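Structure first, commentary second.
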Amino acid sequence: MGALIGVFGTLAGGSVAGAFTVLKARQESSDRERDRLEQRLGRQHEVRQGAYAGFLCACHKADDKFMAAWAAPLGGEREAELLTAVVAAREAARSIREYQVIVGLAGPNNLADLTDQLCRKYAAELAVIEDLGRAHAADPGCVEDHQTPEQRREVEARWDIHDRIVAEGRAVLGGDLPPDYHSLRSDQRAAPTIA
């Protein structure tokens, strides 16, 4: 009987040890998977941050070029100044579109859509500047002097989209996380999700 108890004790001990080994292996596997996910999310964050920063920097440069085009003087002998300003604005709009493609790839879709809308606003605004420059080429003043209230509202709508992109980008990058989020240990934070 003692031998039978010894056998059962050995089996029970082996089962408990085996169970702990399986649990430990599952925990290590889970830890490795969590580490891989955190690394992936970290890389995704860096790509998105670079894409958004590049896009917004291109927008700020374009804004300068567009303001110069709106302020370009009209009048026969100053036509070259307007043409130079329009060419610079066109190149800036092209640069924005190139960065928009990168944002479109980096995601998420809502930011890709907003940046596409903004690119379309820049293109439409450039067409208005060119049209006003041609229509009022012989008039005194600058292109902006001939801007209609509707055209002014379109420029304001472009700025509204820009502001939405900044807000969405901050949210995607975690700029609006609770103040104590970074002080929490990684196992206390909510599980990361991929948008």
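No experiment lies behind these values; they were computed from the predicted model shown.
- Counting all heavy atoms, side chain and backbone alike, Glu168 lies closest to Asn110 at OE1-ND2, 2.6 Å.
- Sorted by first and then second residue, the pairs that involve residues 137-157 and meet ring pair (Phe, Tyr, Trp, His ring centres under 6.0 Å), not counting sequence neighbours, are His136-His146.
- Within the 4.5 Å cutoff, no side-chain heavy atoms of Leu118 are placed close to those of Ile96.
- Pairing each heavy atom of Gln100 with each of Cys119, the nearest pair is CB-SG, 3.6 Å.
- Both Trp159 and Val166 belong to a single network of hydrophobic side chains, linked directly or stepwise wherever heavy atoms of I, L, V, M, F, W or Y lie under 4.5 Å apart.
- Taking a 6.0 Å sphere around CD of Gln117, one finds it holds more than 12 heavy atoms contributed by other residues, nucleotides or ligands.
- Among residues at least two apart or in separate chains, there is no ring pair (Phe, Tyr, Trp, His ring centres under 6.0 Å) pair with a member in residues 71-121.
- Across all non-hydrogen atoms, the minimal contact from Ala157 to Lys121 is CB-NZ, 4.0 Å.
- A donor-acceptor distance shorter than 3.5 angstrom exists from the side chain of Asp145 to the backbone of Cys142, with no hydrogens or angles considered.
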| query | Checking salt bridge (charged side-chain N to carboxylate O under 4.0 Å, His left out) for the pair Arg78/Glu81: CA distance, chi angles, key distance, verdict? | reply | CA-CA 6 Å; Arg78 301 191 74 183; Glu81 291 179 54; 2.9 Å; yes
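- Separation of atoms CG (Leu114) and CG (Asn109) is listed at 11.0 Å; rounding is to 0.5 Å.
- Salt bridge annotation for Arg153-Glu150: present, with a cationic side-chain nitrogen under 4.0 angstrom from a carboxylate oxygen.
- With salt bridges taken as basic N to acidic carboxylate O contacts below 4.0 Å, one links Arg94 and Glu91.
- There is no path of hydrophobic side-chain contacts, each under 4.5 Å, that joins Val101 to Val103.
- Taking a 6.0 Å sphere around CZ of Arg152, one finds it holds more than 12 heavy atoms contributed by other residues, nucleotides or ligands.
- Note: Arg48 CZ to Leu105 CG = 11.5 Å, rounded to the nearest 0.5 Å.
- Counting heavy atoms from C-beta on, the side chains of Val155 and Gln147 come closer than 4.5 Å.
- For Gln151 (side chain) and Thr148 (main-chain N/O), a donor-acceptor pair under 3.5 Å exists by modelled atom type.
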| task | Could you walk me through whether Arg90 and Leu126 pass the side-chain contact (heavy atoms from CB on, under 4.5 Å) test, one step at a time? | result | CA-CA 7 Å; Arg90 185 179 299 115; Leu126 181 60; 3.7 Å; yes
Name each donor-acceptor pair under 3.5 Å that joins a side chain in residues 53-75 to protein atoms two or more places apart or in another chain, with its distance.
unit_1 : atom_1 : unit_2 : atom_2 : d
Asp63  : OD1    : Tyr122 : OH     : 2.5
Asp63  : OD1    : Arg158 : NH1    : 2.8
Trp70  : NE1    : Glu125 : OE2    : 2.7

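- In this structure, Thr115 OG1 and His162 NE2 are separated by 11.5 Å, a value rounded to the nearest 0.5 Å.
- Using a 4.5 Å heavy-atom cutoff, the side chains of Arg97 and Asp116 are in contact.
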| Taking it one step at a time, do Leu82 and Val143 satisfy side-chain contact (heavy atoms from CB on, under 4.5 Å)? | CA-CA 9 Å; Leu82 173 60; Val143 177; 3.6 Å; yes
